[in-house]
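Data first, discussion second: the structure below is written as structure tokens.
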Amino acid sequence: MNKYFDYLKQMILAFFRNVGDWFYNRFAYPIIQTNKYWTEYGDIFDAYAGDFGFWGWFFFVVFAILLVAFVGALVWLLVFLLGKYIKFYKKEVDKDKLIEEIETLQAELYNAEITNRKILGLQVASIGGGAAPALPNAGGAATEAAEEGEEGEEKPIDSRFPRCAQVDKKYETPESRRVVMDEDAKNITLDELCHRFRLFAASQMRLYYTEETVRALFASMGTSKIIILEGISGTGKTSMPYCLGRFFKNPATICSVQPSWHDRSELLGFYNDFTKRFTETDFLRAVYEAGYRQDPCLIVLDEMNLARIEYYFAEFLSVMEMPNALEWNIDLIPAKAANDPAHIVDGKLHIEQNIWFIGTANNDDSTFTITDKVYDRAMSLFFDNKGIAFEAEHTQAMPITYEKLHELYEQAKNDYPLSQKTLDKFAELDDFVIRNFKLAFGNRILKQMSNFVPCYVACGGTELQAVDYIFESKILKKFEVLNVAFLRDELLALDKELTNLFGRTEFKKSRKKIQDLLKMNG
């Protein structure tokens with residue numbers, strides 16, 4: 001037994017002795033060795049210092065100052081870099097904390113809005129069974145009570161969709177749906193329609209648009225149901241669809257997109273379980289009302305990229321891709337009810353062909369990037385400056401039916417089809433872009449071009465101007481995400497290829513876009 005305790009004592013002593021040796025060799029010994037080095041430096045100095053002479057001492061002092069300066073600069077650099085790193089790390093940590101706080105606040109705000117809707121719904125129900133309040137920030141929709149106050153004292157409508165039921169009541173008679181066109185409208189061409197709208201905008205609204213912009217707008221309407229007007233603020237993006245609605249004598253519905261929009265309920269509304277009614281927005285009412293109208297209906301999503309478009313508009317993007325327009329249905333509610341409005345069938349709402357969704361978008365740091373998914377399905381117009389004022393004779397509005405407008409577009413596609421010669425050259429341009437930029441555009445863009453070009457020509461433009469517009473807005477737009485700084489030679493070669501294929505005087509918009517890309521990365 002005693003032998004074991006002797007063994008244990010020796011083991012403990014050996015362990016602590018070895019730990020002490022390790023710390024000595026790790027920390028104390030290097031310091032001792034350093035002192036030894038300084039002693040060696042002193043011995044060498046003593047051996048030679050007596051014979052330095054004047055110039056020897058002079059150079060000794062100079063080199064000593066330089067050595068001290070070098071060591072001081074090295075220490076300062078290390079301290080500076082360490083300080084930078086600490087500041088950078090602190091900023092990144094603070095940034096992460098701020099992002100977390102913002103996300104938490106957004107979630108709390110969203111939950112508070114939902115709770116507020118429920119409370120307001122209970123209050124309305126307890127007061128007298130009136131309609132639920134409208135969805136906050138959904139295109140400026142008002143409450144049902146406010147709507148009834150504006151239109152006079154009316155009895156509450158027994159429907160889950162009171163605003164849409166009001167629309168049914170508004171269009172009860174055939175006369176309320178009829179569009180009266182004058183003889184000019186019945187015989188008008190697309191070129192004349194563009195010219196007349198431009199004069200109307202200038203003479204009555206003091207809005208001045210170029211002929212090219214107006215042509216692009218009407219040709220885009222013949223190509224896609226989604227149009228994006230983008231550019232800097234104050235260039236008349238929102239005013240254009242507003243003015244066009246006045247021109248057709250069917251005012252556009254303007255819905256202001258809010259940064260808090262996360263899903264389609266912000267756009268369409270939602271079913272309130274407490275009031276047993278659907279909280280309807282102006283957007284929903286405008287889509288529903290279009291089913292009764294015979295003229296073009298414009299619904300504006302103002303500043304549409306303040307929120308991610310895919311969050312709140314994804315269902316519309318998908319539904320409107322279906323080739324059969326009869327299948328353009330949006331689900332509103334799971335089950336049908338006997339008192340639902342006439343055009344809400346089995347809880348679904350049909351998107352009519354006379355609707356155009358026009359989004360305005362500012363290009364600044366406060367907005368989200370519009371993705372290719374949206375761009376590929378839409379036609380876009382870019383506003384980079386204010387219109388130049390010009391004298392215009394006073395021009396009246398021109399009501400026109402959707403049927404007549406559709407007829408004009410179909411006639412344009414029959415009269416001015418895209419020529420095979422231009423199509424072949426565009427295919428060569430496509431091959432060049434694929435080889436040099438590894439970017440390809442699919443059948444959707446080719447289909448849009450085959451529709452846009454005839455409409456643009458019928459509006460008074462030329463075929464190559466229309467193809468130039470498509471190439472600049474659909475293909476060159478994608479170049480903005482590339483590292484153009486390394487593609488300077490390829491861009492210059494693309495400019496030369498445009499000259500070889502179409503001539504030096506054509507494709508002005510595309511050439512300007514190429515020059516802008518070169519300047520941005522020059």
Original post:
In this structure, are over 12 heavy atoms from other groups packed under 6.0 Å from Arg246 atom CZ?
Top reply: no
Original post:
Between the side chains of Glu303 and Ser256, is a donor N or O closer than 3.5 angstrom to an acceptor N or O?
Top reply: no
Original post:
So, for Leu284 and Phe278, which heavy atoms are closest and what is the spacing to 0.1 Å?
Top reply: CD2-CE2, 3.8 Å
Subject >> Main-chain N/O of Met398 paired to Asp182 side chain as donor or acceptor, under 3.5 Å >> reply: no
Original post:
Can you name the one residue among Phe218, Tyr469, Phe471 that meets ring-ring contact (aromatic ring centres under 6.0 Å, His included) with Phe452?
Top reply: Tyr469
**OP:** Compare all side-chain heavy atoms of Phe283 with those of Val257 and state whether any distance is below 4.5 angstrom.
**Re:** no
Original post:
Are the side chain of Glu280 and the backbone of Cys164 linked by a donor-acceptor contact shorter than 3.5 Å?
Top reply: yes
**OP:** Using side chain to side chain donor-acceptor pair (under 3.5 Å) as the criterion, point out the one residue from Glu506, Arg511, Arg504 that pairs with Thr499.
**Re:** Arg511
Original post:
Centre of Phe390's six-membered ring, under 6.0 Å away, within 45 degrees of the axis: is that where NZ or CZ of Arg198 sits?
Top reply: yes
**OP:** Classify the angle between the aromatic ring planes of Phe200 and Phe247 as parallel (below 30°), tilted (30 to 60°) or perpendicular (above 60°).
**Re:** tilted
Subject >> Least distance between heavy atoms, Tyr375 atom then Ile370 atom >> reply: CE1-O, 3.3 Å
Original post:
Pairs in or reaching into residues 439-449: which pass side-chain hydrogen bond (donor to acceptor under 3.5 Å, both in side chains), with residues at least two apart or in two chains?
Top reply: Glu321-Arg444, Gln448-Lys474
